[in-house]
Amino acid sequence: SFWKQIPKGLKRLPGPRGYPLIGNVLELRSNPHLTLTQMSQTYGDVMQIQIGTRPVLVLSGLDTIKQALVKQGEDFMGRPDLYSFHHIGDGQSLTFSTDSGEVWRARRKLAQNALKTFSVSPSPNSSSTCLLEEHVSKEADYLVMKFLQLMEEEKRFDPYRYMVVSVANVICAMCFGKHYDHDDQELLSIVNLNNEFGEVAASGNPADFIPVLQYLPNRTMKIFKDLNKRFVSFLQKIVKEHSCSFDKDNIRDITDSLIRHCQEKKVDESANIQLSDQKIVNIVNDLFGAGFDTVTTALSWSLMYLVTYPEIQKKIQKELDQMIGRERKPRLSDRLMLPYTEAFILEMFRHSSFLPFTIPHCTTKDTVLNGYFIPKDLCVFINQWQVNHNEKLWKDPSTFNPERFLKAEGTEVNRAESEKVMTFGLGKRKCLGESIGRWEVFLFLTILLQQLEFSVCDGEKVDITPHYGLTMKHKRCEYFQIKQRFEVKKSE
Ligand code: HEM
């Protein structure tokens, strides 16, 4: 606990004084990433705050974070036992549960392998590079068609509502081999949410730290619990259907490959650890959950920046015209040829920092960081926003400027710069869908921008103020408009 004896030669964690019982909760209220960034200027990269009566370690600074999550990865790889996390994925989530030992490791490996087979591995029977490219390409074409149709009929529209279904369809195709209609009410009720999930699962939600709040009526928390229940039963139904039609000689998707693993495990007596069937199969919950909200949010921020900075949009389109032309569609393999587009995506990740903190971590043992003593089981927030807006790392961090990522000639992305952006976490708990996430954003954007020019209705202002959460969203914008850049030849 807080009063634990500090071993000789080590420093006690610095940090602001908190009020009795509530700690620093009032200071954190609406924009914890900003408040904690400011506090880090006073107390440094390693500081301790208090939420309710519970101490929390807050890490800032790229070097300090790398030291903790990479060099001392084992010490900082845990997840804290938080009230809201109990409600996610039946409390068995790979991502949010407190598992961080052998069970977590085995599940993470399973998830990675299954994901790889059904996304980036070469596609057996099509002209696409891989299944991911095939799925995204198809969904992006649909979006182009849908946006044109909406423009014709309504003259303006909210793209989020449609992108979220398309992005969900990509992960659904990989996880379940399933495709949903854009009007499917069941899917919409699960994916087209206001940010209730993100608000509750965010770092610093008071209900996670002040137990009495769990007993008070709380509308957002109720929506969060209902949502998680619906989510689990939606997925359970799909898994049941898969079990019924399962054929070990025809593994159709990630769910099938997990079911197969349950069966093989029973044969393989020598396995080091035995995972329960439930812990194997509900890995799809994590993949599906992590796979649609993040990518949709990234695309949505991208469109907001594109209409805010039309000259940047023009530059991307000029690059697309020069490097790809109009005769064929962009592909994943075009990425290296499109440095400005790549720089735009990096700047979108940096400037929005829409995942301001990683998912909270927790120490797995007593440890030391930068000379400070850090006890076991301490909840840890990693401030990605601070890294992405640090004046020591970035010139004019509040300016949106893709060029900061280009080498002087403008023909190549500067890798040293791009690696300073923190969006996917680092170390053992690093996002396991990082490449898939980056590729999806790239391919959706390039296919949309090759064909469409985005703007907002005359006189309407775009509001890019982020709303705090696990993923930060902007206000929905109903005033998007598009123009078709040219008639597309039907090539296929
Ligand atoms: C974890 C970001 C897309 C699967 C995370 C974390 C971040 C993140 C910040 C937490 C890291 C930590 O706690 O230190 C993103 C972003 C994405 C994206 C920005 C898209 C732009 C995806 C996709 C998938 C995915 C497409 C899967 C298909 C996961 C999983 C975890 C995770 C399973 C939990 C890992 C663990 O706890 O061991 N992601 N992610 N993510 N992500 Fe992603």
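Numbering of ligands and ligand atoms starts at 1, following listing order. Keep in mind the model is a prediction, meaning the values are calculated, not measured.
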Val165, Leu303, Thr297, Leu299 screened by side chain to side chain contact (heavy atoms under 4.5 Å, CB included) with Tyr160, the one that passes =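 Result for side chain to side chain contact (heavy atoms under 4.5 Å, CB included) with Tyr160: Thr297.
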Lys/Arg-Asp/Glu bridge criterion (N-O < 4.0 Å) met for [X], [Y]:
X	Y	result
Arg438	Glu434	yes
Glu133	Arg331	yes
Arg108	Asp286	no

Which one holds for [X] and ligand 1: side chain close, backbone close, both close, or neither close, with close meaning a heavy atom under 4.0 Å?
X	result
Arg79	side chain
Thr95	both
Ile171	side chain
Glu440	neither

task = May I have the step-by-step check of salt bridge (charged side-chain N to carboxylate O under 4.0 Å, His left out) for Asp75 and Lys365, ending in yes or no?
result = CA-CA 6 Å; Asp75 305 355; Lys365 52 165 95 86; 3.0 Å; yes
Is there a polar contact, in the sense of an N or O pair closer than 3.5 Å, between [X] and ligand 1?
X	value
Lys428	no
Arg108	yes
Gln384	no

How far is [atom] from the closest protein heavy atom, and which atom is that?
atom	value
atom 29 (C) of ligand 1	Ala290 CB, 3.6 Å
atom 3 (C) of ligand 1	Thr294 OG1, 3.3 Å
atom 11 (C) of ligand 1	Arg429 O, 3.3 Å
atom 15 (C) of ligand 1	Phe424 CD2, 3.5 Å
atom 14 (O) of ligand 1	His361 NE2, 2.7 Å
atom 41 (N) of ligand 1	Cys431 SG, 3.0 Å
atom 24 (C) of ligand 1	Gly433 CA, 3.6 Å
atom 30 (C) of ligand 1	Leu432 CG, 4.0 Å

ask   = Okay, side chain of Asn388, backbone of Val421: is any donor-acceptor separation there less than 3.5 Å?
value =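 Judged by distance alone, no pair lies under 3.5 Å.
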key: Option whose closest heavy atom lies nearest to atom 19 (C) of ligand 1, chosen from Ile359, Leu355, Leu426   =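 Selected option, by shortest heavy-atom distance: Leu355.
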ask   = Does ligand 1 have any atom sitting under 4.0 Å from a heavy atom of Phe96?
value =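 It does not, in that no heavy atom of Phe96 comes within the 4.0 Å cut-off of ligand 1.
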task = Inspect the surroundings of CD in Gln38 and state if more than 12 heavy atoms from other residues, nucleotides or ligands are less than 6.0 Å away.
result =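 Counting other residues, nucleotides and ligands, CD of Gln38 stays at 12 neighbours or fewer.
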inquiry  = Could you check whether atom NZ of Lys66 has more than 12 heavy atoms from other residues, nucleotides or ligands sitting under 6.0 Å from it?
reply    =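 Counting other residues, nucleotides and ligands, NZ of Lys66 stays at 12 neighbours or fewer.
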Ligand-residue contact atoms, ligand 1 with Thr423, heavy atoms, under 4.0 Å =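 The atoms of ligand 1 under 4.0 Å from a heavy atom of Thr423 are 2 (C), 9 (C), 19 (C).
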task = Take Asn282 and Arg107 through the side-chain hydrogen bond (donor to acceptor under 3.5 Å, both in side chains) test and state the conclusion after the steps.
result = CA-CA 10 Å; Asn282 75 11; Arg107 292 175 88 200; 2.8 Å; yes
message = Can you confirm if the aromatic rings of Phe76 and His361 lie within a centre distance of less than 6.0 Å?
response =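 No, the ring centres sit 6.0 Å or more apart.
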query = Roughly how far, to the nearest 0.5 Å, is CG of Leu287 from CG of Leu115?
reply =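 It comes to 5.5 Å.
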